[in-house]
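Convention: sequence-line order gives letters A, B, ...; per-chain numbering from 1.
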4 protein chains.
Amino acid sequence: MTEPLKSPAPSRIQRRNRARILEAALDVFAQHGYRGATLDQIAESAGLSKPNILYYFAGKEEIHVTLLHQLMDNWLEPLRQLDPDGSPLEELLTYVRRKLEMSQAFPRESRLFANEILQGAPRIAPLLEAELKPLFDGAAALIDRWAGAGAIAQVDGRHLIFSIWATTQHYADFEAQIAKLMGPDAPREGAAEFLNGLYTRALAPDQS
Amino acid sequence: MTEPLKSPAPSRIQRRNRARILEAALDVFAQHGYRGATLDQIAESAGLSKPNILYYFAGKEEIHVTLLHQLMDNWLEPLRQLDPDGSPLEELLTYVRRKLEMSQAFPRESRLFANEILQGAPRIAPLLEAELKPLFDGAAALIDRWAGAGAIAQVDGRHLIFSIWATTQHYADFEAQIAKLMGPDAPREGAAEFLNGLYTRALAPDQS
Amino acid sequence: MTEPLKSPAPSRIQRRNRARILEAALDVFAQHGYRGATLDQIAESAGLSKPNILYYFAGKEEIHVTLLHQLMDNWLEPLRQLDPDGSPLEELLTYVRRKLEMSQAFPRESRLFANEILQGAPRIAPLLEAELKPLFDGAAALIDRWAGAGAIAQVDGRHLIFSIWATTQHYADFEAQIAKLMGPDAPREGAAEFLNGLYTRALAPDQS
Amino acid sequence: MTEPLKSPAPSRIQRRNRARILEAALDVFAQHGYRGATLDQIAESAGLSKPNILYYFAGKEEIHVTLLHQLMDNWLEPLRQLDPDGSPLEELLTYVRRKLEMSQAFPRESRLFANEILQGAPRIAPLLEAELKPLFDGAAALIDRWAGAGAIAQVDGRHLIFSIWATTQHYADFEAQIAKLMGPDAPREGAAEFLNGLYTRALAPDQS
DNA sequence: CATGAATGAGGTTTCATTCAT
DNA sequence: CATGAATGAAACCTCATTCAT
């Protein structure tokens, strides 16, 4: 995250090459998983030699961890924007929409994350605890307050968040399956509409 | 020399050992992914020697494919039981419940499947086409008919199925994350209640 | 040293191959040092494939440590045979002779040991403490008693032992230099005679 | 372009940097051996960049050879000072004392040399032949003459020199072992006294 | 005079698979 | 039916050295 003390500001070449490597690694890790990915693939995809990759990163794991850290930051942005003072239903529907947009804009990031969690989060567990959990707890409590006040239907905030994550990321993570079932280039716009309808009805406050 | 043409009926030992291997492999593949799993791990977990594993299966890939085939069969069972003549809302809520139960009863199978799809379904694509797609198309069409008839809310059947898969399997596939956020042994019963409520409201036919 | 509990008695092939590997490794380590030696060299010299080497030993370091352990045992034998009840002068001269014979019979072992000590004994330090030190302390005390009783000249036992080690092992460890200075195949018998004379005079009790 | 023919007089910076590099390399080579040492370690220890190291020396080997040449010069100094016209016994005891002082003052040099010889003197053999051998032959002949004349005990000059080298350098080369056996900071002064006594008695002319 | 960037050769080790019994 | 023994391919990584400025 923060630059080590001694290192001088990275040169333009350094920034460009680090970016290239991370871009290539994202591709490879997202497709093959951590163990399935090889430095050879990353090097070839980045257009650099393998030892040169290791000139920029200490090893395979450091590349992976760097990606996960970067990802986590972006990943949490929509959650941070939940506004306690906004209209509850609108806020949540906006959250669903943003999350879906992110999954569609960054499917590789989503799959990278899914891969890591599937394997027990061996390299990202501390980050989950330190960064994700506080945000999650806050958001769940906010939703619970909204539900308690009758502004939305009676739902458990934590499970609601899980369901939003699941339904939106599904379009990135299970893309291979969806392509087989809906045709490879079927526009996935139906997803936004569907999820909007689903949560609109599911969250509408009780009519009593 | 005078071997029977196809394959002799497997002995009891053979059946037991094949079962042991598959059981062990499920463990290992689900935890480490296909590439991350090693025959050594599988052999140790199965209590057999590595060459003996290869006596029963031609190679690592065959074990994996065998697992995927077995899995697919069970996996589709709930979908097959959707009854066109049943009460639409009840049928769908039952499907959600069964799917969630399966995820909780067979989390390793769910993760094995997720792993495979995440990596582009390289080994399971034909099965998806041959077995899953017909069922999926049928179920989606059924739901669309129900929606068209006003028996449930206006939803796109295909996306509804996706959302059910996503929300139920999430509890198995993202277990590591959920454990971090909810505590390691938090009972996940809230899930069934939440999903039941969610889909009950979301699928209720319009009140017009 | 002692067999791990589970391992079955090693087969004849296993014993033969382990012996081959250790023999080859002794050659290579003694000549090039730990870091300078490569598994390739050891494998070629042993007539086995590189992975097969690693089938018998967990890694390069384990081979090295195994050699050091074996060596230490033989190395200490002459010291153990110092007889407190023997004639002091004869005992010490016999020790010198035996030590020299060992250096001439096992020059590779001597060089392997010297290499390890030169580099700070990183892998053998515990053994020095546990096995060598008690023997050393005992022998030094014995010599000090002999000197105190006037049976030999007034010498510090510890330094006497060091000098014996140094002078005898020198013929193995600095063989390359000696060959250059004395001719490659000069019989080194002069050494035994010289050292016998040296210590005979140096240790003769004072004539007072 | 218009470079002077041979080499311009080295600037002050050049001399300082060459010295720094050699000082750092001595440290690293003495501790890890030739193969175990890396340019990175030397560069870091010298406070220079790796390419800069190679600006001053053509490669790793040249640094090593330069060190060996420097060392050899100092190393032989005590031998050169053996005075044929001095008192034989005193001359030899003085040689022992000087050699021991050098070992204690320059233990890294001693270990560097030992390392090189242990590995068969691949890089220093010509030097041994050209510089060491004549001196050695001369000194051995001198000692033999002294012995023949009855001025000292009957010893073989060549083996006597070996024994002096061995016993004095031992305190530098086997320091790790000695530290384990005598305690890490035990003053090693006993060594001088011991060796003086040893050679005094061993070299005293026969009383006949 | 100095160095950030790059790389080819080679190091140890892992692993799926085959051999031979 | 089972397994000790063996191996080729390829993985990650190190390191002396060169390039280009």
Side-chain angles (χ1 to χ4, degrees), chain A residues 7-8 10-14 16-18 35-43 47-63, chain B residues 10-14 16-17 34-43 47-63, chain C residues 7-8 10-14 16-18 35-43 47-63, chain D residues 10-14 16-17 34-43 47-63:
Chain A
S7 39
S11 76
R12 198 180 300 114
I13 285 186
Q14 277 194 334
R16 193 201 57 188
N17 279 350
R18 281 184 65 97
R35 287 285 303 269
T38 75
L39 281 185
D40 266 320
Q41 292 171 304
I42 296 173
L48 298 172
S49 73
K50 194 163 41 167
N52 204 14
I53 300 280
L54 296 165
Y55 173 76
Y56 289 96
F57 291 91
K60 186 184 181 178
E61 175 149 1
E62 193 181 291
I63 304 178
Chain B
S11 77
R12 199 180 302 117
I13 284 186
Q14 282 190 330
R16 194 203 52 188
N17 279 351
Y34 179 71
R35 287 285 302 269
T38 74
L39 281 186
D40 268 320
Q41 292 171 304
I42 296 173
L48 296 172
S49 74
K50 198 162 42 165
N52 206 11
I53 300 276
L54 294 164
Y55 172 80
Y56 288 99
F57 292 91
K60 186 183 181 180
E61 176 151 2
E62 195 182 289
I63 304 178
Chain C
S7 41
S11 76
R12 198 181 300 115
I13 284 186
Q14 277 194 334
R16 194 201 54 187
N17 279 350
R18 280 185 65 99
R35 287 285 303 270
T38 74
L39 282 185
D40 266 320
Q41 292 172 304
I42 297 174
L48 297 172
S49 73
K50 197 162 39 166
N52 203 14
I53 301 279
L54 295 165
Y55 174 76
Y56 288 97
F57 292 90
K60 186 184 181 179
E61 176 149 2
E62 193 180 290
I63 304 179
Chain D
S11 76
R12 199 180 303 117
I13 283 187
Q14 281 189 331
R16 194 202 54 188
N17 278 351
Y34 179 71
R35 287 285 304 269
T38 74
L39 281 187
D40 269 320
Q41 292 171 304
I42 296 174
L48 297 172
S49 74
K50 199 163 39 165
N52 206 11
I53 301 277
L54 294 164
Y55 171 80
Y56 289 98
F57 293 90
K60 185 184 182 179
E61 176 150 2
E62 195 182 289
I63 304 178

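Residues Ser49(C) and Ala43(C) approach most closely at C-CB, 4.1 Å, considering heavy atoms. Across all non-hydrogen atoms, the minimal contact from Lys60(D) to Arg35(D) is NZ-O, 3.8 Å. Minimum heavy-atom separation, Arg18(A) to Phe57(A): NH2-CE2, 3.4 Å.
Phosphate contact (OP1/OP2 of dT3(E), side-chain N/O of Asn52(D), threshold under 4.0 Å): present. Side-chain nitrogen and oxygen atoms of Asn17(C) include none within less than 4.0 Å of the OP1 or OP2 phosphate oxygen of dG4(F). Residue Tyr56(C) places no side-chain N or O under 4.0 Å from the OP1 or OP2 atom of dG4(F). Of the side-chain N and O atoms in Gln14(A), none sit less than 4.0 angstrom from OP1 or OP2 of dG4(E).
The nearest heavy atom of DNA chain F to Leu54(D) and to Arg35(B) marks one nucleotide each, and the one closer to the 5' end goes with Arg35(B). Sequence order on DNA chain F of the closest nucleotides to Ser49(B) and Ile53(C) puts Ser49(B) first from the 5' end. Comparing Pro51(D) and Thr38(B) by the nucleotide of DNA chain E whose heavy atom lies nearest to each, the residue mapping closer to the 5' end is Pro51(D). Between Arg16(A) and Leu39(B), it is Arg16(A) whose nearest contact on DNA chain E lies nearer the 5' terminus.
Taking atom CG of Asp40(D) as the reference point, atom C1' of dC15(F) lies 7 Å away to the nearest angstrom. Computed from coordinates, the Ile63(A) CD1 to dC12(F) P distance equals 10 Å when rounded to whole Å. Counting to the nearest Å, the P atom of dA16(F) and the NZ atom of Lys60(D) are 5 Å from each other. Rounded to whole Å, atom P of dA10(F) lies 12 Å from atom CD of Gln41(A). The interatomic distance linking Glu62(D) (CD) with dA16(F) (C1') rounds to 14 Å, in whole Å. Atom P of nucleotide dT18(F) and atom OH of Tyr55(A) are separated by 17 Å, given to the nearest angstrom. What separates CZ of Phe57(D) from P of dT18(F) is a distance of 16 Å, to the nearest Å. Taking atom CG of Leu48(B) as the reference point, atom C1' of dC1(F) lies 11 Å away to the nearest angstrom.
Of all nucleotides listed (dC15(E), dA9(E), dT17(E)), dT17(E) comes nearest to the side chain of Lys50(B).
Here OH of Tyr55(A) is found 12.5 Å from CG of Leu48(A). Values are rounded to the nearest 0.5 Å. Taking CD1 from Ile42(B) and CD1 from Ile63(B), the interatomic distance works out to 5.0 Å, rounded to the nearest 0.5 Å. How far CD of Glu62(B) is from CG of Leu54(B): 10.0 Å, rounded to the nearest 0.5 Å.
Here Ala37(A) lies in heavy-atom contact (under 4.0 Å) with sugar-phosphate atoms only. Counting any heavy atom pair closer than 4.0 Å across all strands shown, Ala43(D) reaches no nucleic acid atom.
Nucleotide dG10(E): paired with dC13(F) (Watson-Crick or G-U wobble, both distances less than 3.5 Å). Nucleotide dT18(F) is matched to dA5(E) when pairs are restricted to Watson-Crick or G-U wobble geometry with both distances under 3.5 angstrom.
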